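Worksheet: one structure, shown below.
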Amino acid sequence: MLERVENLKSQVEATSLTNKEEAEIFRLQYLSKKGAIQELFKAFREVPADQKKAFGAALNTLKDLAEVKHKEALEELESAAVVGENGDLTRPGQPQELGAIHPINAIKDEIVDIFKRIGFNVSEGPEVEDDWHNFTALNFPEEHPARDMQDTFFVQRNPDWALRTHTSSVQVRAMENNQPPIRTISPGRVFRNEAISSRSHCIFHQIEGLYIDKDVSFADLKQVLMYFAKEFFGKAKIRMRPSYFPFTEPSAEVDVYWGLENEIDYKITKGTGWLEVMGCGMVDPNVLRASGIDPEIYTGYAFGMGIERIAMNRYQIPDIRLFTENDKRFLEQFKTGL
Ligand code: DAH
C-alpha cells in the first residue's frame with residue numbers, strides 16, 4: 001500500500017502544469033473527491049493496523065504536496081496573465097524620442113555663456129512692464145513714437161502697463177536693485193506691434209548687457225564687443241557707427257566684419273561684408289540718475305541685440321516665423337545627436 005502512495009507521489013512530482021487546462025486536469029486526477037488521493041484515503045481501512053500510522057503520514061504528505069503544487073501553478077499562471085496584459089516586462093524598452101533645443105535658446109545660451117566667462121551675471125525682468133522701466137527711466141521723451149499705440153502693446157485695463165518693447169527695461173531694474181559694480185546680461189522675450197512678415201514678428205528675443213562701475217569708458221565697451229565678436233562669430237574685426245538711442249550717449253551700431261568670400265556672404269551682408277549685430281552706447285547720465293546711481297561717481301555702458309536675427313544668420317533660416325510655428329520638421333533639424 002505504501003508503495004502506491006510513493007508511486008503517486010512520483011507521478012505528482014513529474015507532472016508539469018503549464019496552463020490552466022493542465023492544472024484542472026491535475027486537480028481532477030489527484031485532488032477531487034474521486035481523485036487518486038481520495039481513493040487512497042478510502043483504502044485506509046484496508047491497511048493493516050501496524051502500518052496505518054506510516055501510511056497515513058505518507059498520504060498526508062502526498063496530499064499537501066499535490067495541493068501546494070496546484071495552488072502555486074495557478075498563482076503563477078495568474079501573474080503571467082497580468083504580465084501579458086501589461087506587455088512583456090522582459091522586452092527591451094521603447095526608445096524615447098528626445099526633443100531638440102530650440103535654436104533661439106541655443107543662441108541665447110551661447111551668448112550668455114560668453115559673457116558669464118568674463119564676470120557678467122544673468123538677470124531677468126517682467127514681460128509686462130510699466131511705463132517707467134520700459135520708457136521713462138530710459139530717457140524716452142514723453143512724445144517718443146515708440147510709446148505710440150502702433151508700436152507698443154498696452155494692457156487695456158491699465159495703460160501704464162505694456163508688454164515690454166525691449167530688454168533695456170531690465171537695465172533699470174538692475175540699477176535700482178544693485179549697487180555698482182554691476183555686470184549683468186538680461187535675455188528675454190520682447191513684444192512689438194508690427195506687421196508679421198518673413199523678417200519681422202510681434203514676439204522676439206533680445207539680450208541686454210550692462211556694465212556700471214567707476215571709470216568705465218567707451219574703450220571698455222569696444223573691448224568687450226571685440227571679445228564677443230571673436231568668441232561668438234569667430235571674427236576679429238568690428239566697427240561702430242554713430243547712432244541714436246534715448247538711453248545712451250554716445251550711441252553706436254555695431255557691425256562685425258563678416259567677409260565677402262562667396263555668394264552667401266554677399267547675401268548675409270547685403271554686399272557690404274559687414275554684419276549688423278547690435279546697438280550700444282554709454283549709459284546716459286539721465287538713466288543712471290533715474291535708476292538711483294550717481295552719474296558723478298559712476299559711468300557705464302550698455303548694449304542690446306536681437307537673438308532671432310543672429311540665429312537666422314547662424315543657421316541660414318530664411319523666415320523669422322519659423323521660430324514660433326512649432327513645426328517639428330523645422331525643430332528636429334536642431335537635434336544635437338544625444
Ligand atoms: N533697446 C534697443 C532696441 O530695442 C537695443 C539697444 C540699443 C539696447 C542700445 C542697448 C543699447 O542697451 O545701448 O533696439
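Order of listing sets the numbers, starting from 1, for every ligand and every atom in it. Just so we're clear, the structure is a prediction, and the values are computed from it rather than from any experiment.
- Using a 4.0 Å cut-off between charged side-chain N and carboxylate O, K69 and E13 make no salt bridge.
- Near ligand 1, residues H166, S168, Q171, R192, Q206, E208, F245, F247, T248, G279, C280, G281, A302, F303, G304 come within 4.0 angstrom through at least one heavy atom.
- Here E176 does not pair with R173 in a salt bridge; the nearest charged N to carboxylate O distance is not below 4.0 Å.
- Applying the 4.5 Å side-chain rule to ILVMFWY residues, one finds that L77 remains a lone member of its cluster.
- Ring geometry for F228 against F232 counts as parallel: the plane angle stays under 30°, on a 0 to 90° scale with 60° as the upper cut.
- Under the side chain to side chain donor-acceptor pair (under 3.5 Å) criterion, the residue pairs touching residues 293-316 are E110-R314, H205-E308, with sequence neighbours excluded.
- The side chain to side chain donor-acceptor pair (under 3.5 Å) test applied to D327 returns R329, not counting sequence neighbours.
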